[in-house]
Amino acid sequence: QVLDISWFTESMREGRPVTVESRHHIQVRDFDALEVLAESSEFNENEGRCLAFRRAASVLKSLPSAVRSLGATQGLPCLGEHTEAVIEEILQFGRCFKVEEIQCDERYQALKLFTSVFGVGPKTAEKWYRRGLRSFKEILNEPAIQLNKMQRAGFLYYRDISKTVSKAEAQALRCIIEETVHWIMPDAILALTGGFRRGKEYGHDVDFLVTTPELGREEGLLLHVIDRLQDQGILLYCEHQGTTFDATKLPSCNFEAMDHFEKCFLIVRLYEDQVEGGLQRNPGDSRAWRAIRVDLVVPPVDRYATALLGWTGSRQFVRDLRRFARKERRMLFDNHALYDKTKKMFLSTTTEEDIFVHLGLEYVEPWQRNA
Ligand code: ATP
Ligand code: MN
Ligand code: MN
């Protein structure tokens with residue numbers, strides 16, 4: 001079966017970001033294989049190769065139907081020889097030996113396990129691995145290991161927060177956050193962002209943007225919200241980061257840079273009776289609540305559109321859009337601002353649509369941003 005990919009390659013040739021709709025469910029196996037290779041490259045600090053595998057996976061995901069023959073991938077952009085080889089092997093043998101080798105590798109297994117803990121990145125994971133540690137038990141029993149507050153919370157709530165969050169649970173959290181924010185400031189603006197805004201059924205956390213209709217009134221709001229959640233007895237963990245936002249700075253050229261808005265990373269308690277259809281549980285767990293990771297970000301209202309685009313993701317989509325802006329339009333943008341290098345000026349954005357208009361692209365709906 002040969003795919004019609006002309007519509008697709010044309011837009012890719014122009015360097016446009018790949019759009020992937022949340023309803024696409026095609027041969028998950030191939031993407032999983034590429035994700036293992038991407039992850040393994042990440043652990044080996046080979047960022048270029050990691051990106052190449054993730055980009056290839058996005059391209060495959062965006063296809064209207066499954067790849068059933070090698071011929072079907074001919075002419076597709078972003079598929080390097082490594083990816084081609086993987087697809088060929090999977091088509092021929094139903095599995096990829098390189099991927100299986102990685103999955104059996106002791107270091108890959110340990111780093112994957114360690115980085116699954118909230119607060120543990122590849123660097124810490126590598127450090128623990130080098131010490132000869134291989135399991136959570138060994139880490140927790142090693143007196144020389146000093147866990148920070150985030151990692152302690154990560155281990156304490158591991159069972160709950162390593163489990164996916166459902167749409168119903170995200171909706172329930174939205175109600176809680178909305179009520180809390182509006183109790184403090186009735187006209188504050190709240191938006192659900194991240195994967196759930198892109199229409200995903202499941203996520204690893206729930207992300208929100210909070211701002212105020214008038215510039216400056218957002219100051220102090222987040223600390224109030226945190227206090228109020230604490231008073232309700234549902235705040236299990238909170239890391240607050242004050243703003244370091246500087247309006248005079250040009251957008252970052254680093255596509256992976258974190259933003260400078262005030263924000264907090266939370267773990268929140270969600271009760272059974274707050275969720276339509278009940279909680280997602282681990283087997284044998286009969287508690288009336290579960291812990292969920294929540295991110296709250298507070299941009300000033302004049303930065304709302306770029307912040308919303310950045311926090312809606314996906315990571316891959318936003319990275320490609322930034323690359324397109326820089327390479328094809330000589331424009332820089334990040335979560336804070338959009339800047340035209342030719343005109344040497346910031347472009348004002350009130351809505352996400354404005355950003356696409358400035359970039360000369362058709363609007364891409366959030367649910368098409370699942371690259
Ligand atoms: P998941 O369902 O796994 O949560 P997600 O797409 O919601 O998927 P998140 O990690 O929650 O993933 O991130 C949402 C978006 O916000 C992504 O596009 C990510 O790049 C961006 N993002 C996450 N953390 C930061 C940060 N500290 N600064 C700026 N942007 C961030
Ligand atoms: Mn998320
Ligand atoms: Mn998040």
Side-chain angles (χ1 to χ4, degrees), residues 170-199 203 205-232 235 238-252 257-266 268 292-315 317-318 321-322 332-339 346-358 363-366 369:
Q171 201 48 50
L173 267 161
R174 190 208 167 94
C175 292
I176 293 170
I177 301 293
E178 194 155 33
E179 195 183 287
T180 307
V181 169
H182 286 160
W183 184 81
I184 297 162
M185 200 181 282
D187 61 347
I189 299 157
L190 178 79
L192 177 69
T193 63
F196 289 110
R197 181 160 183 253
R198 303 196 308 272
D205 67 355
V206 194
D207 309 280
F208 297 97
L209 232 56
V210 184
T211 192
T212 53
E214 290 119 54
L215 191 62
R217 260 212 298 146
E218 77 280 1
E219 277 168 40
L221 175 59
L222 188 57
L223 288 174
H224 252 112
V225 171
I226 291 169
D227 275 349
R228 177 81 187 143
L229 293 172
Q230 182 88 53
D231 293 344
Q232 294 172 62
L235 199 60
C238 170
E239 161 153 327
H240 173 261
Q241 288 181 355
T243 173
T244 52
F245 171 57
D246 176 352
T248 63
K249 267 204 184 139
L250 291 191
S252 166
M258 301 279 101
D259 71 40
H260 294 276
F261 300 128
E262 181 185 15
K263 58 176 75 69
C264 62
F265 307 107
L266 309 176
V268 172
I292 291 187
R293 274 269 304 111
V294 174
D295 290 338
L296 301 181
V297 187
V298 186
V301 67
D302 59 338
R303 310 301 165 141
Y304 183 72
T306 42
L308 182 60
L309 191 92
W311 277 89
T312 297
S314 70
R315 219 185 190 100
F317 176 80
V318 174
L321 195 63
R322 285 182 190 166
L332 295 176
F333 88 93
D334 61 9
N335 290 10
H336 315 100
L338 174 61
Y339 180 81
F346 286 98
L347 304 175
S348 96
T349 56
T350 312
T351 62
E352 283 185 322
E353 281 85 348
D354 295 340
I355 301 171
F356 288 97
V357 169
H358 283 308
Y363 182 66
V364 178
E365 298 283 357
R369 302 181 201 164

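Note that this is a predicted model, so its numbers are computed, not measured.
- The side-chain heavy atoms of R217 and M185, taken from C-beta on, include a pair separated by under 4.5 Å.
- When all heavy atoms are compared, the tightest approach of N335 to G310 is OD1-CA, 3.3 Å.
- Between F261 and V298 the shortest side-chain heavy-atom distance does not fall below 4.5 Å.
- For R315, the salt bridge (Lys or Arg N to Asp or Glu O under 4.0 Å) partners are E256, not counting sequence neighbours.
- For the pair C264 and C238, the tightest heavy-atom approach, listed with the atom from each and the gap, is CB-SG, 4.5 Å.
- Atom CD of residue E179 and atom CD1 of residue I184 lie 11.0 Å apart, to the nearest 0.5 angstrom.
- Listed for the R293 side chain is a donor-acceptor partner under 3.5 Å among the backbone atoms of L266.
- Atom CD in E178 sits 12.0 Å away from atom CG in L173 (nearest 0.5 Å).
- A salt bridge between K263 and E218 is absent, with no side-chain N of the basic residue lying under 4.0 Å from a carboxylate O of the acidic one.
- With values rounded to the nearest 0.5 angstrom, Y363 atom OH is found 4.5 Å from E353 atom CD.
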task = Starting from the C-alpha separation in whole Å, work towards a yes-or-no answer on side chain to side chain contact (heavy atoms under 4.5 Å, CB included) for F317 and V364.
result = CA-CA 10 Å; F317 176 80; V364 178; 4.0 Å; yes
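- A 4.5 Å side-chain heavy-atom check between L309 and T349 finds every atom pair outside the cut-off.
- Judged by the 6.0 Å and 45° rule, R303 forms no cation-pi pair with F245.
- The side-chain hydrogen bond (donor to acceptor under 3.5 Å, both in side chains) test with T180 singles out one residue from H224, Q232, R228, and that residue is Q232.
- Using a 4.5 Å heavy-atom threshold, the side chains of I292 and D205 count as separate.
- Judged by distance alone, with hydrogens and angles left aside, the side-chain atoms of T193 form no donor-acceptor pair with the main-chain N or O of T312 at under 3.5 Å.
- Here the straight-line distance linking atom CH2 of W311 with atom OG1 of T306 works out to 13.0 Å at 0.5 Å rounding.
- Of all non-hydrogen atoms in P299 and T211, the two that sit nearest each other are O-OG1, 2.8 Å.
- A heavy-atom distance below 4.5 Å is not found between the side chains of L209 and L190.
- A salt bridge does not link E365 to R197: none of the charged nitrogens lies less than 4.0 Å from a carboxylate oxygen.
- Using a 4.5 Å heavy-atom cutoff, the side chains of L250 and F346 are in contact.
- Between atom NZ of residue K249 and atom CG of residue D334 there is a gap of 10.5 Å, rounded to the nearest 0.5 Å.
- Nearest heavy-atom pair, A191 versus L308, reported as atom, atom and distance to 0.1 Å: CB-CD1, 4.3 Å.
- Side-chain N or O atoms of H240 include none that pairs as donor or acceptor with a backbone N or O of L223 at under 3.5 Å.
- Of the possible donor and acceptor atoms, none in the side chain of T212 sits under 3.5 Å from a partner among the backbone N and O of A188.
- Ring centers of F333 and H358: at least 6.0 Å apart, outside the cut-off.
- A 4.5 Å side-chain heavy-atom check between V206 and L192 finds at least one atom pair inside the cut-off.
- Going from atom CZ of F196 over to atom CZ of F208 covers 9.5 Å, rounded to the nearest 0.5 Å.
- Closest non-hydrogen pair, H336 versus H260, comes out as NE2-N, 2.9 Å.
- Residues that satisfy the side chain to side chain donor-acceptor pair (under 3.5 Å) test with D227, not counting sequence neighbours, are absent from this structure.
- Atom CD of Q241 has more than 12 heavy atoms from other residues, nucleotides or ligands within 6.0 Å.
- In this structure the side chain of V225 never reaches within 4.5 angstrom of the side chain of V210, judged on heavy atoms.
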